[in-house]
Q: 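Have a look at the structure that comes next, please.
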Amino acid sequence: MVKKFSKDFWWGAATSGPQSEGRFNKKHANVFDYWYEIEPEDFYDQVGPDVTSNFYNSFKEDIALMKEIGLNSVRTSIQWTRLMDDFETGTVDPDGVRFYNDVIDAFLEAGIRPVINLHHFDLPAELYHKYGGWESKEVVDYYVLFAKKCFELFGDRVKDWFTHNEPIVVVQAQYLFEFHYPKVVDGKKAVQVSYNLNLASAKAIQAFREMGLQNNGGRIGIILNLTPTYAASDSQDDLQAAKIAELFNNRMFLDTAVHGEFPSELVDLLTEDGVIWESTPEELAIIKENTIDVLGVNFYHPSRIKKPDIAPNSVGDWMPNRYYDSYEMPGRRMNLDRGWEIYPKALYDIAINIRDNYENIPWFVSENGMGVSREERFLNTEGVIEDDYRIDFIHEHLDWLHQGIEEGSNCFGYHLWTPIDCWSWANAYKNRYGFISTNIHTQIKTIKKSGHWFKTVAENNSLPERNKK
Ligand code: BGP
């Protein structure tokens, strides 16, 4: 059966400022720019963020390609380090303002809805060195200053705003598991950073509403990578481990964003362990009152969890993962290039979870995608990458999403990561995700087979017939 989607469904793709623009004319360094300056060997093939996909220079041509493949909405982010002249006084850089105005106008002229995110891992390096970055509540207020500038400058044309992308990744990568600079390993700091990121989101939402952007058709939300947790077995120990993993990895941001409160089981556990964050009643009231209008969900892979092999309190310094271990399910389907399990049904599980436990809030798939290395392997004689694996991947995920929508989940769109192959942090250009390929030596961009396929899906607003896997 052909699967129809609602008539205003968002068919789009997502990128971010630091991953697509390049550093051209940017006054300040973010933590990734800085990390590359001091440790280029940490980046795949030593490719850093200086050029990325050249969007700063080629945004007009790039947006024309996005239009050509039928996208009706695209997410990117405004770089804090490009827009601001001074983070503390709140002055703006004129070239940053000019650039984002031009980008937003170019999207609108192309009939593409610009969806704007404010923070995509790209904390200004200066604010880390001077204040400890997200460890500090002063930085929370500097972020709100930046957010207000964005609302003031672009809120007349941008209607869909998001405060953070995947804030839990900042916590995991920078404060627990050392995959992003500053590679701190400190569970207690990680907990405070989690709280501060939640507070920053609520304060930005408060500013948005005080400025009246909702009266102009504006909506604001957060983008979370909801990685559904599946216990390795039905044993009490595995179920308990999965519950704690879910609390820490998903619910710490999701419950707070939608319900305005941290889950009480999480607060109890952190209090008992002596690592609870510093908060004030005033801040908790701001969090309670400023919940999101809309949710973006990034989904790549499930999280399979088993009980830890050793007793939680026998391990030294406090880390949340003393309570759980990841579990490699025998027979799982893998994207071997990226090392991630492929499990499309999880998107249905997410849809039902949001419907039943999160007020059936309006939401969209803000990222989903398949990172594949050396895609030149699949070039045909016409120079087009035949990425049938990506078409299958998207098809299967949309199939399950459609079922979730049929059963009442309030999902209004699907964005692939990413429109045009872009730079991906320490993985640089190792895995490619785009509908459109980038040759990083020539910056020539070519539509892949999946881009042509997606155009027909978007135009017909439906998924062609085939059997669900
Ligand atoms: C998401 C991020 C994106 C992007 C994507 C692919 O988590 O929001 O910014 O990087 O993952 O990442 P990777 O290249 O690590 O596979």
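Every number for a ligand or one of its atoms is a count from 1 in the order of the listing.
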Q: Compute the ring centroids of Phe378 and Tyr389, then answer whether they are less than 6.0 Å apart.
A: yes

Q: Centre of Phe99's six-membered ring, under 6.0 Å away, within 45 degrees of the axis: is that where NZ or CZ of Arg82 sits?
A: yes

Q: For atom 5 (C) of ligand 1, find the nearest protein heavy atom and state the residue, atom name and distance (0.1 Å precision).
A: Tyr300 OH, 3.5 Å

Q: Please tabulate, for side-chain N and O atoms in residues 194-206, each donor-acceptor pair with protein atoms closer than 3.5 Å (sequence neighbours left out).
A:
residue	atom	partner	partner atom	Å
Ser194	OG	Ala190	O	2.7
Tyr195	OH	Glu283	OE1	2.6
Asn196	OD1	Gln192	NE2	3.1
Asn196	ND2	Trp134	O	2.8
Asn196	ND2	Glu135	O	3.2
Asn198	ND2	Ser194	O	3.1
Asn198	ND2	Met252	O	3.4
Ser201	OG	Thr163	OG1	2.8
Lys203	NZ	Asp141	OD1	2.9

Q: Which protein non-hydrogen atom lies closest to atom 7 (O) of ligand 1, naming both residue and atom, and how far is it?
A: Glu166 OE1, 2.6 Å

Q: In the protein, which heavy atom is nearest to atom 16 (O) of ligand 1, and how far is it?
A: Tyr433 OH, 2.3 Å

Q: Under 3.5 Å, is there a donor-acceptor pair between the side chain of Lys27 and the main chain of Thr81?
A: no

Q: Return yes or no for this condition: an N or O of Arg338 is under 3.5 Å from an N or O of ligand 1.
A: yes

Q: State whether the shortest distance between N or O atoms of Trp340 and N or O atoms of ligand 1 falls below 3.5 angstrom.
A: no

Q: Provide, to 0.1 Å, the distance between atom 12 (O) of ligand 1 and the closest protein heavy atom, together with that atom's residue and name.
A: Ser424 OG, 3.2 Å

Q: Check Asn165 against ligand 1 and report side chain, backbone, both or neither, counting heavy atoms closer than 4.0 Å.
A: side chain

Q: Are a donor atom and an acceptor atom from the side chains of Asn368 and Trp417 found within less than 3.5 Å of each other?
A: no

Q: If you have a sec, work out which protein heavy atom is nearest atom 1 (C) of ligand 1 and how many Å separate them, to one decimal?
A: Glu367 OE1, 3.2 Å

Q: Tell me, do Arg209 and Ile220 make a side-chain contact under 4.5 Å, heavy atoms counted?
A: yes

Q: Taking N or O atoms only and a 3.5 Å limit, does Asn431 qualify as a polar contact for ligand 1?
A: no

Q: For Tyr358, does the six-membered ring have the charged nitrogen or CZ of Arg251 within the cation-pi criterion, i.e. under 6.0 angstrom from the centroid and within 45° of the normal?
A: no

Q: Which atoms of ligand 1 sit under 4.0 Å from any heavy atom of His120?
A: 2 (C), 3 (C), 8 (O), 9 (O)

Q: Taking the cut-offs as 6.0 angstrom to the six-membered ring centre and 45 degrees off its axis, would you call Arg332 and Tyr327 a cation-pi pair?
A: no

Q: Is it true that Lys430 lies under 4.0 Å from ligand 1, counting heavy atoms only?
A: no

